[in-house]
Number of protein chains: 2
Amino acid sequence: MFVSRKISESTVRRLSHYLRSLEGFPDIGGTVSSEELAARGQTTAAQVRKDLSHFGSFGKRGLGYSVDQLRDRLRSILGVDRSWRVALVGAGRIGLALFEYPAFRSRGYDCVAIFDSDPEKIGQAWADQVVRSPDEFEKVINELDVELVILALPADGAQEMAMRAVDAGVQGILNFAPIRLNVPPEVPVEDVNLVMELEALSFQITQGEQDA
Amino acid sequence: MFVSRKISESTVRRLSHYLRSLEGFPDIGGTVSSEELAARGQTTAAQVRKDLSHFGSFGKRGLGYSVDQLRDRLRSILGVDRSWRVALVGAGRIGLALFEYPAFRSRGYDCVAIFDSDPEKIGQAWADQVVRSPDEFEKVINELDVELVILALPADGAQEMAMRAVDAGVQGILNFAPIRLNVPPEVPVEDVNLVMELEALSFQITQGEQDA
DNA sequence: TTACTTTTGTGAAGAATTTCACAATACAGT
DNA sequence: ACTGTATTGTGAAATTCTTCACAAAAGTAA
Ligand SMILES: NC(=O)c1ccc[n+]([C@@H]2O[C@H](COP(=O)([O-])OP(=O)(O)OC[C@H]3O[C@@H](n4cnc5c(N)ncnc54)[C@H](O)[C@@H]3O)[C@@H](O)[C@H]2O)c1
Ligand SMILES: NC(=O)c1ccc[n+]([C@@H]2O[C@H](COP(=O)([O-])OP(=O)(O)OC[C@H]3O[C@@H](n4cnc5c(N)ncnc54)[C@H](O)[C@@H]3O)[C@@H](O)[C@H]2O)c1
């Protein structure tokens with residue numbers, strides 16, 4: 001019934017999926033069943049109900065869940081019923097792609113500062129932002145009250161910038177650099193490692209062939 | 001002792017980590033213990049041994065694993081002891097970042113074709129490649145014997161291109177579009193959803209604060 | 001050869017996650 | 001009000017994943 005601490009990683013991923021599905025319903029006032037939600041995700045109705053039950057019971061037996069209500073509840077559970085101030089560190093190729101990706105801003109992740117160590121890039125205008133020197137990092141993080149940092153810089157600078165971000169009071173890190181960051185356990189880090197995703201594919205293909 | 005089918009997703013992710021760690025050892029002829037490997041990953045020695053034991057036993061009691069041997073074995077398990085022919089679909093911001101990312105090629109993922117539907121982009125040269133029209137898709141996939149496809153196009157075109165890729169004989173899909181692709185179960189799909197990663201962060205931060 | 005140290009490989013125990021299955025309940029129709 | 005249908009919320013069972021713990025090597029040193 002109540003938030004019993006320790007929600008599993010996979011549950012959180014599924015909650016994101018449910019929210020994404022619900023945002024597909026432009027429908028006002030409708031309802032959705034755990035069965036329907038399961039079909040759109042890639043899971044079972046029982047799993048959907050169990051996932052949601054960790055946070056309370058907001059369905060109606062015989063009817064399902066109110067789309068509007070469930071969507072709001074999921075937004076609040078996932079912390080996207082507000083906006084987050086994000087800084088981008090590394091104004092390279094992946095940094096640019098992320099910066100220009102509209103889905104971030106539309107979900108409430110607001111890029112309020114960009115840093116790069118390359119003197120050629122410092123001072124460049126990116127939309128409403130100017131690329132800043134890492135020398136200003138702590139000052140800017142504090143002044144703008146940055147909560148999240150996206151690390152899109154080469155691996156050799158990532159650990160240092162992660163530490164500086166934590167020391168400056170940043171609350172979470174999305175890391176694209178292919179290294180395991182060492183940060184205090186209370187600061188969550190999510191790693192994105194695309195080589196690993198490709199390896200997962202080639203693993204599955206290779207294994208599959210061994211069966212045949 | 002033998003590949004007993006059904007290796008868990010988390011095991012595969014850890015195998016990738018182990019391989020990445022081992023590639024950090026330029027050391028020729030050395031050995032590494034499960035303890036050391038665990039420290040570099042973010043796991044336990046028992047987990048390392050259990051993961052490896054699914055594929056045979058290639059350590060020496062009292063000594064550990066031969067770095068060279070284990071690295072080769074992991075490469076072969078993950079299917080990266082060969083090169084893979086990859087096509088990129090969608091020559092946009094994320095497509096460009098991926099195309100120029102050197103770690104892919106160096107791991108054996110070779111981008112051999114690029115497709116985009118934008119007439120402005122078709123014909124553009126990208127390094128050694130030329131952006132092609134999706135009209136040529138099936139022909140090119142077959143001629144170049146493409147095995148993997150990276151979908152970096154907007155969500156509304158992704159399902160169609162996934163299906164065409166499968167029909168053309170592609171064996172795996174790395175999908176950046178924020179939709180759940182519908183493909184036959186024997187074709188592995190890996191999804192990359194960055195909004196979900198950010199939501200995982202904001203969830204953890206939000207939850208953490210509720211404790212305090 | 002024997003004693004000692006180290007570290008693997010693995011069954012068994014323990015923990016976590018998913019699935020099952022069903023009583024509880026909400027509404028619709030008559 | 002009653003009957004029928006749909007669908008939740010949730011203990012319990014089943015399954016999957018992780019950790020434990022220790023006998024079985026393998027090397028080293030005396
Ligand atoms: N391009 C991709 O598709 C891709 C995919 C996955 C992971 N990555 C990883 O993302 C990171 C960035 O990749 P990229 O392709 O954008 O590289 P890039 O070389 O295009 O950009 C990196 C940027 O970081 C800047 N930088 C370097 N040190 C810095 C520091 N200390 N502080 C601030 N900025 C600094 C550089 O000046 C450069 O502008 C790398 O770690 C890479 O491994 C990239
Ligand atoms: N930019 C990011 O950081 C980011 C992050 C996560 C996910 N994504 C996702 O990745 C995908 C691409 O994002 P982007 O930012 O590169 O977008 P983009 O608009 O920069 O590029 C998309 C490209 O795909 C092409 N395209 C459209 N339909 C096509 C078709 N049927 N066949 C071939 N090409 C086609 C377009 O012409 C365009 O060049 C989107 O689904 C987006 O949601 C992007």
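Residue numbers begin at 1 in each chain, while the letters A, B, ... track the order of the sequences.
Salt bridge B:Arg85/B:Asp110: absent, no basic N to carboxylate O contact under 4.0 Å.
Atom CD of A:Glu138 sits in a crowded spot, with more than 12 heavy atoms from other residues, nucleotides or ligands closer than 6.0 Å. Heavy atoms from other residues, nucleotides or ligands lying under 6.0 Å from CD of A:Glu23 number more than 12.
Each of A:Thr11 and A:Gly62 was matched to the nucleotide of DNA chain C holding its nearest heavy atom; the match closer to the 5' end belongs to A:Thr11. With DNA chain C read from its 5' end, the first of the two nearest nucleotides for A:Leu63 and A:Ser8 is the one closest to A:Ser8.
In this structure, B:Gln47 reaches the D:dT19 phosphate: one of its side-chain N or O atoms is under 4.0 Å from OP1 or OP2. Between B:Arg14 and D:dT18 there is a side-chain polar atom (N or O) within less than 4.0 angstrom of OP1 or OP2. Distances shorter than 4.0 Å separate none of the side-chain N or O atoms of B:Tyr65 from OP1 or OP2 on D:dA26.
For the residue pair B:Glu197/B:Asn193, the side-chain donor-acceptor check at 3.5 Å is not satisfied. For the residue pair B:His17 / B:Arg14, no side-chain donor-acceptor distance below 3.5 Å is found, with atom types taken as modelled.
Protein atom CZ of B:Arg61 is 18 Å distant from nucleotide atom P of D:dT28, rounded to whole Å. With rounding to whole Å, B:Lys60 atom NZ is found 10 Å from D:dG27 atom C1'. Rounded to whole Å, the distance from CZ on A:Phe55 to P on D:dT8 is 18 Å. What separates CG of A:Leu70 from P of D:dT7 is a distance of 15 Å, to the nearest Å. Look at CG on B:Leu52: it is 8 Å from P on C:dG9, rounded to the nearest Å. Between the P atom of D:dT7 and the CD atom of A:Glu35 lies a distance of 8 Å, rounded to the nearest Å. In this structure, B:Phe58 places its CZ atom 18 Å from P of C:dT7, rounding to the nearest Å. The CD-P distance, from A:Glu9 to C:dT17, rounds to 10 Å in whole Å.
The aromatic rings of B:Tyr109 and B:Trp84 lie parallel to each other, their planes meeting at an angle below 30°, with 60° marking the opposite boundary.
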Between the protein and nucleotides 20-22 of chain D, which nitrogen or oxygen pairs come in under 3.5 angstrom?
unit_1 : atom_1 : unit_2  : atom_2 : d
D:dA21 : N6     : B:Arg49 : NH2    : 3.3

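Using a 4.0 Å heavy-atom distance criterion, B:Ser34 is classed as a sugar-phosphate-only contact.
Here the closest heavy-atom approach between residue B:Gln207 and residue A:Ile77 is recorded as NE2-O, 4.0 Å.
Of the candidates C:dA23, C:dT18, D:dG27, C:dT18 carries the atom nearest the A:Ser10 side chain, counting heavy atoms from C-beta on.
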